[in-house]
Amino acid sequence: MMILANAIFDGTGTGIQSSFIASFTGDIVVRPKVDYPLSLFGDETPATGDFSEIPNIEHYSSVSEFVASIPEIEKTASQISHPVMLNFDGEHTSTIFFGVDFDNYLSVMDGIRIIDSIPYSKENDKNCIMMSKNFLDFLEQDVYAKVKLGDMIQIIAKTPMSYNIRSAKLVAIYEYKSQNAVLDKISLVNSELLLDLMGKADSSEPIEEIGEEYQNLLDSDFDLDSLFGDNESVAESGGDVFSSGNDGSAAEAVKAAAPETDGEPYWHYIICRVKDGSSKLTKLVILKMNKYFSDNNLPMEAVNWRTAAGLSAQYLYWIRLVFNIGIFIILVTGFIVVNSTLTISSIDRIRETGTMRAIGASRNFIASQYLFETMILTFVSGILGCILGAFFVRILNMVSITFTNSYLIQLFGGTKLVTSISFGNIRQCFFLIVLLTLWGWFYPVRIALGTSPVKAMQGGS
């Protein structure tokens with residue numbers, strides 16, 4: 001049972017880990033150090049998390065340079081996160097925007113596969129969005145919005161002072177190697193668009209001229225509330241109220257000030273991939289990073305994939321823990337039965353034990369005899385159990401069990417049950433065998449040696 005259970009949980013654990021690492025967390029995430037639970041989705045404090053703003057990485061240039069200089073780091077990608085609402089003819093749905101550089105991000109996240117796209121360029125297409133096929137299916141089934149490539153999608157983002165409305169063109173549809181409901185919450189946009197939605201666009205960019213059709217917005221008698229009276233006009237203009245007019249003359253425009261970052265780029269996270277992806281190497285790199293941040297008094301920290309994923313990965317861990325506790329209870333119950341059998345056997349042999357002691361056998365000899373017999377039983381049965389466990393694991397892989405339930409897909413890290421036996425599993429089982437041997441030997445031999453030879457020969461206890 002231990003071999004089979006561990007093979008299933010190790011296989012699913014590896015599936016979840018590889019799915020998250022290759023899809024959105026990477027091996028390591030460098031993020032601001034805060035006193036609340038922070039994940040790639042933002043503040044996860046119940047009830048109040050939506051009101052928190054993710055702090056940006058201070059001294060981003062020097063931090064990113066240090067991260068890139070670590071030999072064990074293979075690739076990095078910077079990211080901004082912000083929740084938004086999507087509007088489809090009055091129907092709204094929420095999603096999480098990851099503001100990234102598309103080319104760099106997709107090179108780091110090799111678990112993302114583009115299945116359809118349209119040509120676009122960074123220079124000409126400033127507002128672009130990529131969505132997963134599963135999310136588009138959700139929009140069609142639950143929001144009744146059929147979105148296709150090239151469509152403009154209206155976006156509403158909350159800022160500390162107001163709401164920003166923009167529109168973006170759907171330029172690519174992608175899918176993940178492993179299905180997971182957590183990943184369906186994410187949509188990818190270019191970082192410039194997300195900064196604009198957050199009201200943190202770089203104010204150093206040239207200010208565009210205001211067209212004649214918007215000159216009346218500068219009049220003191222103009223009713224600002226009428227600006228939001230027609231959503232369609234905002235969406236058709238790409239969401240930019242101040243745009244270039246054909247015949248407009250230069251005019252002064254008021255633009256949201258960028259945050260005070262000392263000229264540094266504005267990013268929330270740096271996602272890193274470790275060269276060989278091993279857990280041991282990842283832990284060493286995290287320790288190295290955190291030591292650097294501590295020595296240089298930088299309010300930063302490096303965390304592993306599970307911490308970066310937040311509650312989306314933690315609750316899967318707790319579900320697996322419940323399963324493990326159930327397996328443990330079954331094993332303890334089985335051991336009690338076996339131990340009771342050994343105890344009854346030792347009671348039945350009390351007359352034999354008393355006779356041996358009466359003819360000169362020492363207590364140590366009797367104890368070692370019981371120990372040797374118990375070792376033979378436990379090791380032979382343990383080896384047979386490992387062989388049977390490996391056999392059933394092989395059968396499970398041959399049967400190829402698949403899942404359609406979303407919770408099972410999240411729990412097992414994919415739509416298919418994958419099991420694998422590792423050396424660690426075998427080692428743990430033999431360690432358990434040693435413990436069972438000592439535990440199963442101690443109580444029966446105590447009963448056998450606790451009876452005097454005379455009473456034992458008489459069959460007493």
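Computed from heavy atoms alone, side chains included, the values below leave out hydrogens, waters and symmetry copies.
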If you look at every heavy atom in S23 and I112, which pair is closest and at what distance? O-CD1, 3.8 Å
Return yes if some donor-acceptor pair links the side-chain N/O of N104 with the main-chain N/O of T76 below 3.5 Å, else return no. yes
Once you measure the plane-to-plane angle for F430 and F379, does it fall in the parallel (<30°), tilted (30-60°) or perpendicular (>60°) bin? tilted
Taking the side chain as C-beta and beyond, is there a heavy-atom pair between E74 and K275 under 4.5 Å? yes
I'd like to know whether L194 forms a side chain to side chain contact (heavy atoms under 4.5 Å, CB included) with F98, so could you lay out the CA-CA distance, the side-chain angles of the two residues, the decisive distance to 0.1 Å, and finally the verdict. CA-CA 8 Å; L194 189 52; F98 283 1; over 6 Å; no
Please check: side-chain N/O of K158 versus main-chain N/O of P83, any donor-acceptor pairing under 3.5 Å? no
Can E140 and K146 be counted as an ion pair, charged N to O under 4.0 angstrom? yes
Can any side-chain N or O of T378 pair as donor or acceptor with the backbone N or O of M375 at less than 3.5 Å? yes
Passes side chain to side chain contact (heavy atoms under 4.5 Å, CB included), V303 versus I286? Steps please. CA-CA 7 Å; V303 298; I286 289 176; 5.9 Å; no
Rounded at 0.5 Å granularity, tell me how far CG in L86 sits from CD1 in I129. 6.0 Å
Donor-acceptor contact below 3.5 Å, side chain K200 vs main chain Y266: no
Side-chain contact test, heavy atoms from C-beta onward, threshold under 4.5 Å: evaluate it for Y174 versus L188 and give yes or no. yes
On a heavy-atom basis, which atom in A168 and which in I155 lie closest, and how many Å separate them? CB-CD1, 3.8 Å
Would you call F66 and N296 a side-chain contact if the rule is heavy atoms closer than 4.5 Å? no
Would you say D151 and F88 make side-chain contact, with heavy atoms under 4.5 Å? no
Within the side chain of H92, is there an N or O that forms a donor-acceptor pair under 3.5 Å with the backbone of G90? yes
For the backbone of A302 and the side chain of N290, can you confirm whether one donor and one acceptor N or O come within less than 3.5 Å of each other? yes
Indicate the atoms forming the closest heavy-atom contact of V108 with A77, along with that distance. CG2-CB, 3.8 Å
Check for a donor-acceptor pair, side chain of N164 on one end and backbone N or O of D196 on the other, with a separation under 3.5 Å. yes
Going from CE on M198 to OG on S191, what distance comes out if it is rounded to the nearest 0.5 angstrom? 11.0 Å
Which heavy atom in N134 sits nearest to a heavy atom in D184, and how many Å separate them? CB-OD1, 3.2 Å
Can you tell me if N87 uses its side chain to pair, donor with acceptor, with the backbone of Q154 under 3.5 Å? no
Heavy-atom side-chain proximity of I73 to M289 below 4.5 angstrom: yes
One pair to check against ring pair (Phe, Tyr, Trp, His ring centres under 6.0 Å): F41 and F24. What are the steps and the verdict? CA-CA 11 Å; F41 298 106; F24 82 107; 5.5 Å; yes
Between M152 and K169, is the side chain to side chain contact (heavy atoms under 4.5 Å, CB included) condition met? List the steps. CA-CA 4 Å; M152 300 298 293; K169 181 192 296 184; 3.7 Å; yes
Are K148 and L170 close enough that some pair of their side-chain heavy atoms sits under 4.5 Å apart? no
Do E264 side-chain atoms and S61 backbone N/O form a donor-acceptor pair below 3.5 Å? yes
With rounding to the nearest 0.5 Å, note down the distance linking NE2 in H59 to CE in M300. 10.0 Å
Please determine whether side chain to side chain contact (heavy atoms under 4.5 Å, CB included) holds for the pair I28 and E72, giving the CA-CA distance in whole Å, both sets of side-chain angles, and the decisive distance to 0.1 Å. CA-CA 11 Å; I28 301 172; E72 295 82 5; over 6 Å; no
How many angstroms lie between atom CG of L396 and atom CZ of F391, to the nearest 0.5 angstrom? 10.5 Å
Using atom types as modelled and distance alone, determine if a side-chain donor or acceptor of Y269 lies under 3.5 Å from a backbone N or O of S39. yes
Atom pair CD/OG of E301 and S294 - distance to nearest 0.5 Å: 12.0 Å
Using a 4.5 Å cut-off on heavy atoms from C-beta on, say whether the side chain of Y144 contacts that of D89. no
Reported CZ-to-CE distance for the pair F138 and M131, which is rounded to 0.5 angstrom: 11.0 Å
Taking C-beta and beyond as the side chain, do T25 and I271 meet within less than 4.5 Å on heavy atoms? no
If we count only N and O atoms by modelled type, under 3.5 Å, do the side chains of S278 and D276 hold a donor and an acceptor together? yes
Scanning both residues in full, the closest heavy-atom pair of W267 with V100 reads CZ3-CA, 4.4 Å
Do R273 and D110 sit within salt-bridge range, that is, some charged N less than 4.0 Å from a carboxylate O? yes
Can you name the nearest heavy-atom pair linking L193 to K126, along with the distance? CB-O, 4.3 Å
